[in-house]
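All of these numbers come straight from a predicted model, not from anything done at the bench.
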Amino acid sequence: MDSHNNNSWAEVEVKTYNGAGGIRKLSNKYQPIDSICEEARKRWLDIEILSQFDELFRFRIGTHRRIWGIRIQHHLYLVWYERLHKLCP
């Protein structure tokens with residue numbers, strides 16, 4: 001996360017990386033709840049305070065690691081740290 005410390009949200013939202021086939025893809029993005037795996041989606045809906053949100057924000061940290069959370073204004077509230085890229089493979 002240190003690489004994002006001095007970035008604005010506008011910079012974070014447009015950061016890209018080279019995906020498969022050299023195609024540029026967004027590193028960090030909003031993602032609808034219905035796009036994550038069923039187990040994670042069920043857990044999300046089971047947590048009462050989270051069930052009011054229908055999308056989350058995903059930070060890509062390396063090849064497999066992700067940080068998932070809820071962005072409210074200029075703050076990200078961490079929900080999950082993912083080591084193996086299985087919430088939304």
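Arg58 places a side-chain N or O within donor-acceptor distance of the main-chain N or O of Ser27, the cut-off being under 3.5 Å. At least one donor-acceptor pair under 3.5 Å links the side chain of Trp9 to the backbone N or O of His74. Although no hydrogens or angles enter the test, the distance criterion places no donor-acceptor pair under 3.5 Å between the side chain of Arg66 and the main chain of Arg60. Side chain of Asn28 to backbone of Val12: a donor-acceptor contact under 3.5 angstrom is found.
For the pair Tyr81 and Arg65, the tightest heavy-atom approach, listed with the atom from each and the gap, is OH-CD, 3.0 Å. The shortest non-hydrogen separation linking Pro32 to Ser35 is O-OG, 2.7 Å. In terms of heavy-atom proximity, Ile70 sits nearest to Phe53 at CD1-CD1, 3.5 Å. Considering all non-hydrogen atoms of both residues, Glu11 and Ser8 come closest at OE1-N, 2.7 Å.
His75 meets the side chain to side chain contact (heavy atoms under 4.5 Å, CB included) test with Tyr77; sequence neighbours excluded.
Ionic pairing of Arg71 and Glu55 is not present here: no N-O contact between side-chain nitrogen and carboxylate oxygen is shorter than 4.0 angstrom.
More than 12 heavy atoms of other residues, nucleotides or ligands shown are found within 6.0 angstrom of CD1 on Ile72.
Applying the side-chain hydrogen bond (donor to acceptor under 3.5 Å, both in side chains) rule to pairs touching residues 43-52 yields Lys42-Asp46, sequence neighbours excluded. For residues 14-35, the pairs satisfying ring pair (Phe, Tyr, Trp, His ring centres under 6.0 Å) are Tyr30-Phe57, with sequence neighbours left out.
Rounded to the nearest 0.5 Å, atoms CG (Leu50) and CG (Leu56) are 9.0 Å apart. Rounding to the nearest 0.5 angstrom, the gap separating the CD atom in Gln31 from the CD1 atom in Ile36 is 8.0 Å. Remark: Lys29 NZ to Phe59 CZ distance equals 14.0 Å, nearest 0.5 Å.
A donor atom on one side chain and an acceptor atom on the other are found under 3.5 Å apart for Asn18 and Arg24.
Linking ILVMFWY side-chain heavy atoms closer than 4.5 Å, directly or via other members, places Ile47 and Trp80 in a single hydrophobic cluster.
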